[in-house]
Each structure stands twice: as structure tokens, then as C-alpha cells.
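Working notes for the structure below.
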Amino acid sequence: MFGYITMKQSLMLTKDQKLGRYMRIPPRHLFICQVLGTIIAVFVQLGTSFWLMNSVDNICTDDGFPFTCRQGRLFYSTMVIWGVIGPQRQFGGKYGVMYWMFLVGVFLPLPFWLLRRRYPRSIWRHVNIPVALTYIGYMPNAPTHDFVMFTLFCFVFNYVLMKYKSAWWQKYNFTLTAALDSGLAVSGIIGYFALQHVHVSWWGTKNHCPLSKQPFTAIVST
């Protein structure tokens with residue numbers, strides 16, 4: 001668990017540093033903001049977690065939709081597999097081939113690094129295997145349509161607009177990203193406090209997808 005968290009947070013920190021480099025923010029100032037933000041987030045998230053657990057009925061269960069805690073339940077299941085079952089029994093049977101994935105992970109970035117050195121102006125210079133593999137960790141607990149939208153919007157904004165509307169991309173792309181993230185957070189807070197005592201039933205508040213609670217139910221059943 002601690003090794004996974006350390007690796008994941010390091011990749012997220014690196015991603016933020018890369019974004020800051022694009023926005024011409026000094027790395028030292030950005031690192032100080034990351035440290036301060038982490039310290040503040042510890043207390044805010046801990047308080048929010050206790051508040052939600054005491055105020056939301058059936059939280060982290062299917063009956064508590066949309067508060068089903070997909071990420072938390074996946075993390076708990078992973079800890080049970082590694083802590084109770086153990087890696088020896090987990091990889092000793094039909095999953096023994098997964099041992100080779102550690103070796104694959106070590107050498108997978110190498111061919112892309114060589115291609116980037118051989119063709120420095122080609123598309124290979126944009127390939128970053130550790131960052132790309134970071135998002136695979138979200139796949140077991142996230143609805144599959146999320147990744148379709150991620151891929152579509154990344155292609156439009158980071159390829160089409162950057163290539164054909166370079167001036168607009170340099171001026172507005174990352175500002176738009178920050179604005180959308182901030183707007184979502186603020187609107188979620190306002191919407192919760194404005195509607196916490198009002199029961200609104202309409203199309204957007206109903207669960208229309210049977211796979212939203214268990215995204216891989218159909219795959220597992222077949």
C-alpha cells in the first residue's frame with residue numbers, strides 16, 4: 001500500500017510540475033504550493049470524510065448511489081488481496097504470469113526513449129509511459145465511458161487545437177482547464193447546500209446505467 005501511494009503521488013507531483021512548466025511557473029514556487037496544498041488537503045479531506053459518513057445514508061453501498069465509493073472499495077479489495085491472500089498465493093496459481101509484468105514495466109519505456117532520441121521531432125517525443133500507465137489504475141473502478149471522453153477531449157484540445165489553433169491553445173487551453181475544474185468544484189458545493197433539504201427527481205438524478213455501480217458486471221458474468 002505504501003509503495004503504491006508513494007509511486008502514485010510522485011507521478012501526480014511530476015504531472016503538476018510538467019503542467020507548471022507549460023504555464024511558465026517557477027518550479028520552486030510550484031513545489032511550495034504543492035506542499036502547502038497537501039497539508040491543507042489532509043485536514044479538509046479528513047473532515048469532509050467524517051462529515052459525509054455521518055450525514056449520508058448507506059454511504060459506500062449500492063443503495064447510497066451516487067456515493068458508492070468506487071475508489072475506496074477498490075482500494076479495500078486490493079488491500080485484502082495483497083494483505084490477506086498474499087502475493088505468493090495470488091501469483092502462485094493461474095495468475096503466475098503477472099510476475100512478468102514487473103519486468104515488462106521496467107523495460108517498456110526503453111523503446112520509446114530510443115525512438116525519441118532517434119527521431120527527436122517525431123510524435124514519439126510526446127509519449128510518456130509512466131504517466132500513461134498511471135491512468136490505467138483508474139480503469140477497474142471507473143465507468144468505461146469516462147475514458148472515451150478523456151481520450152476524445154485530450155485529442156481535440158492537445159492535438160487538433162494545438163496544431164491548428166496554436167495561438168488560442170497557448171493563451172486559453174490551461175486557463176480553460178483550471179476554470180472547468182474550479183467551476184465543477186464550486187457548483188458542486190453550491191448545488192449540495194442549495195438542494196440538501198430539497199428532493200429533486202428528474203432524469204439527471206436517476207441511475208440509467210446498470211453498469212454504473214459495477215462497471216464490469218457484464219464482462220465478469222460472461
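Atoms considered below: every heavy atom in the structure, side chains included; atoms not considered: hydrogens, waters and symmetry mates.
- Separation of atoms CG (L108) and CE (M101) is listed at 10.0 Å; rounding is to 0.5 Å.
- A distance of 16.0 Å separates CZ in F112 from CZ in R125, rounded to the nearest 0.5 Å.
- Note: C33 SG to D16 CG = 11.0 Å, rounded to the nearest 0.5 Å.
- Among residues two or more places apart in sequence or in another chain, the side-chain contact (heavy atoms from CB on, under 4.5 Å) test is passed with L36 by I32.
- Both L161 and L152 belong to a single network of hydrophobic side chains, linked directly or stepwise wherever heavy atoms of I, L, V, M, F, W or Y lie under 4.5 Å apart.
- Under a hydrophobic-cluster definition in which Ile, Leu, Val, Met, Phe, Trp and Tyr are linked whenever side-chain heavy atoms come within less than 4.5 Å, directly or via other members, F50 and V42 are assigned to different clusters.
- For the side-chain contact (heavy atoms from CB on, under 4.5 Å) with V56, the qualifying choice from I59, N54, N58 is I59, the only one to do so.
- With hydrogens and angles ignored, the 3.5 Å screen pairs a side-chain donor or acceptor of S187 with a backbone N or O of L184.
- For Y172, the ring-ring contact (aromatic ring centres under 6.0 Å, His included) partners at least two apart in sequence or on another chain are W168.
- Annotation: the span from Y159 atom OH to Y164 atom OH amounts to 5.5 Å, rounded to 0.5 Å.
- There is a path of hydrophobic side-chain contacts, each under 4.5 Å, that joins F153 to L180.
- Between L13 and F31, some side-chain heavy-atom pair lies under the 4.5 Å cut-off.
- In terms of heavy atoms, N158 sits closest to M162 at O-CE, 3.1 Å.
- How far CG of L110 is from CD1 of I129: 11.0 Å, rounded to the nearest 0.5 Å.
- Under a cut-off of 6.0 angstrom, the local environment of CH2 in W169 is crowded, with over 12 non-hydrogen atoms contributed by other residues, nucleotides or ligands.
- When side chains are defined from C-beta on, V127 does not count as touching I123, because their heavy atoms never get closer than 4.5 Å.
- A 4.5 Å side-chain heavy-atom check between T177 and F157 finds every atom pair outside the cut-off.
- No more than 12 heavy atoms of other residues, nucleotides or ligands lie within 6.0 Å of CZ in R21, so this atom counts as exposed by the packing criterion.
- Applying the side-chain hydrogen bond (donor to acceptor under 3.5 Å, both in side chains) test to every pair with at least one member in residues 27-38, sequence neighbours left out, gives these pairs: Q17-Q34.
- Tracing side-chain contacts under 4.5 Å through hydrophobic residues (I, L, V, M, F, W, Y), one never reaches L52 starting from L46; they form parts of separate clusters.
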